[in-house]
Amino acid sequence: MATFLYRIGRWAFRRRRLVGGVWLGVLVAALVAAAVAPAGEEEDLSMPGTESQKAFDLLDERFPQSNSQGAEARLVFQAPHGHRVTARENRAVVEDTLGSLDGGDQVASTTDPYETGAVSEDGSITYSTITYTADAVDLTEPTKSALEDAASQARDAGLTVEIGGSALDSEEEPGGTTELIGVAVAAVVLVLALGSLVAAGLSLLTAFVGVAIAFGLVSALAVPLGLTSTVAILALMLGLAVGIDYALFITSRFRDERAQGSEPEEAAGRAVGTAGSAVVFAGATVFIALVGLGVVGIPELTKMGMGGAGAVALAVLVALTLVPALFGFFGRRVLSRAGRKAVPRGSERPHPVSTAAGRNGLGTRWARFVLRRPVAVLMIAGLGLGAVALPALSLELGLPGDESKSVETTQRRAYDLLSEGFGPGFNGPLTVVVDTSESGDARATTDLVVKTVRAVGGVASVGDPVLSRTKDTAVLTAVPRTAPNSGETKDLVHAIRGAVAGVEADTGAGILVTGTTALNIDISEAMSDALIPYLTVVIGLAVLLLMVVFRSVLVPVKAALGFLLSVGAAFGVLVAVFQWGWAADLIGIEQTGPVMSLMPILIIGIVFGLAMDYEVFLLTRMREAYVHGASPGEAIVNGFRHSGRVVAAAAIIMISVFAGFIGMSSPTIQTMGVGLAAAVVFDAFVVRMAIAPAVLALLGHRAWWLPRTLNRVLPNVDIEGEALSRQVPASGAKLGASVPRLPVGRN
């Protein structure tokens with residue numbers, strides 16, 4: 001693979017105008033496609049095969065008229081303290097407000113709260129449901145403005161008015177202040193790491209090209225593939241993070257090759273052949289892990305995985321082709337100040353620069369410290385991560401609703417008013433669907449179900465059944481006494497399902513419990529059940545891939561165990577922040593609750609790939625030194641000398657990008673930003689830079705042992721470029737010359 005990529009790097013350098021033109025054309029095409037494509041819709045989560053999803057499918061079949069409705073809004077009115085909304089003057093205000101909406105553009109209907117009895121027991125709160133003819137994303141600005149103006153009109157009359165429902169929902173748009181701060185931090189780190197504004201700008205430019213293409217394609221395919229804004233933001237987040245990192249790795253290797261005396265085209269080829277091989281492998285692991293999310297069976301998670309995988313694939317292609325092409329455009333300006341001094345103006349061939357200067361750098365000093373005290377480093381790092389991971393034992397999964405939004409939003413305030421007036425369970429009603437097509441007496445069966453559900457402890461009320469046109473299906477609404485995301489409501493769903501099981505057996509009817517709350521519970525339980533199998537598959541894949549790359553048995557096992565530690569610690573942070581509320585104020589979390597159901601598996605998939613990034617880029621240099629004759633201790637020091645600074649910079653960049661998304665209002669993106677940023681911190685700086693060298697120091701030569709049978713069976717991907725050094729000799733010093741010899745110590 002190294003030789004093939006070497007040829008690609010040299011070709012891209014020579015044909016830089018063609019390569020740059022092709023990528024520019026693709027970028028323009030993607031942006032134009034995104035501009036002319038219609039906006040996608042925000043779809044609800046679904047989980048085929050669960051009881052709640054089966055009930056929804058049955059409702060679609062038996063109540064087709066319900067599908068014709070679009071977005072909904074709830075206008076919630078509260079009278080001043082000590083007054084009632086049923087008083088004549090307050091009732092007049094409510095009726096005038098609703099009258100201003102009734103018959104408006106895109107308005108299908110409005111309900112009269114005084115006719116439907118939607119008034120709280122103390123008479124202080126009431127609400128009206130406004131149904132629209134279009135979905136939330138298709139509502140026009142005048143329609144939304146009319147809703148907000150109506151609420152303002154009632155507020156001016158002395159009532160407290162808030163707006164709930166889906167009408168005001170909008171797609172989450174990237175480009176906020178925190179994201180820009182994250183990119184700015186990444187730019188500063190690049191300049192410090194590379195010592196060149198041009199080299200830093202090159203990495204950012206190529207990352208932006210890949211991200212823009214990915215974002216444009218996701219936007220263009222939003223309608224035909226049903227992609228949501230969350231898919232687009234995940235593609236943006238991952239594409240930006242890995243795009244900058246991959247360009248950084250190849251640029252750093254290019255500069256190393258130039259420092260060793262290689263001409264520009266040769267250096268570009270060698271950079272792509274060596275660091276590019278690691279990029280391909282790292283990108284492939286992220287791609288496989290994200291595509292593998294499809295096995296969980298949740299369509300939205302599958303789409304998120306595919307969108308993220310596509311962005312990563314584009315980042316790899318850009319790094320392998322556009323980055324070496326830009327080397328040709330920028331020439332010696334890609335080099336640091338010291339590197340440019342070694343290249344006389346008008347000459348493209350530098351004098352070889354000794355790498356001995358970096359011998360006493362921070363990375364080298366740290367590696368030697370670990371070699372002297374491997375047991376202490378291993379114990380401190382391992383116990384520290386274990387302590388951070390302890391909260392993960394209390395992990396609870398759920399899906400966020402309006403209760404997780406900021407109290408500054410009208411949706412959250414409407415949620416709180418409804419909870420105050422009608423009880424905490426009002427915002428999460430359960431829907432009981434009774435299929436009486438196989439029952440002898442449909443009416444008697446329905447009445448028995450109503451009686452059974454009302455008798456279940458924790459049910460606040462059960463509404464009158466609504467029958468389908470063919471009278472073979474009845475729908476009941478059961479309101480819990482507890483909040484939608486509470487453990488009591490979860491137990492109530494199971495209790496109702498257990499209670500109606502006897503009715504099913506006695507009557508032959510099919511009885512299903514659904515609703516948003518029940519669906520969320522089913523999805524959370526399905527995700528919990530899928531977590532261990534998915535983790536097992538990912539760990540197995542990690543061990544196999546690393547065994548192929550490093551020709552070792554113990555290195556992959558060490559990497560997999562380290563991955564488990566970093567993921568466990570990241571889950572611990574999520575529980576501490578989002579469930580327990582630790583430091584929640586710092587990131588704007590006002591309501592604690594269960595961790596979003598999709599997060600554990602999504603974070604496992606993403607972090608697996610990113611962890612392999614750092615493992616590959618750091619250990620590749622170690623193995624490269626080892627196979628060229630260095631002792632195990634020398635190999636560890638050499639790996640940190642050449643890759644430690646670059647890996648640290650790459651990790652800081654990725655942390656900055658992920659942390660930049662924490663400020664978004666979407667709970668999904670916010671949780672993802674916290675989890676991924678924490679996971680990269682633990683994996684890069686604790687697992688890969690402390691635990692990994694400590695374990696390698698203790699193992700010594702055994703770390704690189706591979707049974708002869710496996711050595712014959714496993715394919716040789718040659719990620720270190722051994723074949724490249726044999727087939728394409730360096731124009732300056734040989735590859736092994738960059739590996740300085742250190743005094744041999746005990747390992």
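Every heavy atom of this structure was used, including side-chain atoms; hydrogens, water molecules and symmetry mates were not.
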Do [X] and [Y] come within less than 4.5 Å of each other through their side chains, counting heavy atoms only?
{"X": "Val555", "Y": "Leu696", "value": "yes"}
{"X": "Val318", "Y": "Tyr246", "value": "no"}
{"X": "Val242", "Y": "Met654", "value": "yes"}
{"X": "Ile244", "Y": "Leu204", "value": "yes"}
{"X": "Phe281", "Y": "Leu546", "value": "yes"}
{"X": "Phe658", "Y": "Val681", "value": "no"}
{"X": "Phe369", "Y": "Val377", "value": "yes"}
{"X": "Leu326", "Y": "Phe13", "value": "no"}

Can you tell me how far [atom2] of [Y] sits from [atom1] of [X], rounded to the nearest 0.5 angstrom?
{"X": "Ile636", "Y": "Leu619", "atom1": "CD1", "atom2": "CG", "answer": "8.5 Å"}
{"X": "Arg551", "Y": "Tyr626", "atom1": "CZ", "atom2": "OH", "answer": "14.5 Å"}
{"X": "Ile8", "Y": "Thr3", "atom1": "CD1", "atom2": "OG1", "answer": "11.5 Å"}
{"X": "Ile606", "Y": "Leu238", "atom1": "CD1", "atom2": "CG", "answer": "4.5 Å"}
{"X": "Arg621", "Y": "Thr274", "atom1": "CZ", "atom2": "OG1", "answer": "7.0 Å"}
{"X": "Lys558", "Y": "Glu615", "atom1": "NZ", "atom2": "CD", "answer": "3.5 Å"}

Ring geometry between Phe563 and Phe608 (parallel below 30°, tilted from 30 to 60°, perpendicular above 60°):
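Phe608 and Phe563: perpendicular rings.
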Please verify the inter-ring angle class for Phe550 with Trp704; under 30° counts as parallel, over 60° as perpendicular, anything in between as tilted.
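Correct class here is perpendicular.
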Flag, side chain of [X] to backbone of [Y], donor-acceptor distance under 3.5 Å:
{"X": "Thr251", "Y": "Leu248", "answer": "no"}
{"X": "Trp366", "Y": "Met689", "answer": "yes"}
{"X": "Ser552", "Y": "Ala703", "answer": "yes"}
{"X": "Arg253", "Y": "Arg270", "answer": "no"}

Would you mind listing every side-chain hydrogen bond (donor to acceptor under 3.5 Å, both in side chains) that reaches into residues 671-685, with sequence neighbours excluded?
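Pairs touching residues 671-685 that pass the test: Ser566-Asp683, Asp683-Arg688.
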The criterion is side-chain hydrogen bond (donor to acceptor under 3.5 Å, both in side chains); which residues satisfy it with Ser643, sequence neighbours excluded?
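Partners of Ser643 by the side-chain hydrogen bond (donor to acceptor under 3.5 Å, both in side chains) criterion come out as none, since no residue qualifies.
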Trace of the side-chain contact (heavy atoms from CB on, under 4.5 Å) decision for Leu385 with Ile691
CA-CA 10 Å; Leu385 284 183; Ile691 293 178; 4.1 Å; yes
Criterion side chain to side chain contact (heavy atoms under 4.5 Å, CB included) against Met672, the qualifying member of Leu602, Ile662, Ile233
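Going through Leu602, Ile662, Ile233 one by one, the side chain to side chain contact (heavy atoms under 4.5 Å, CB included) with Met672 is satisfied by Leu602 alone.
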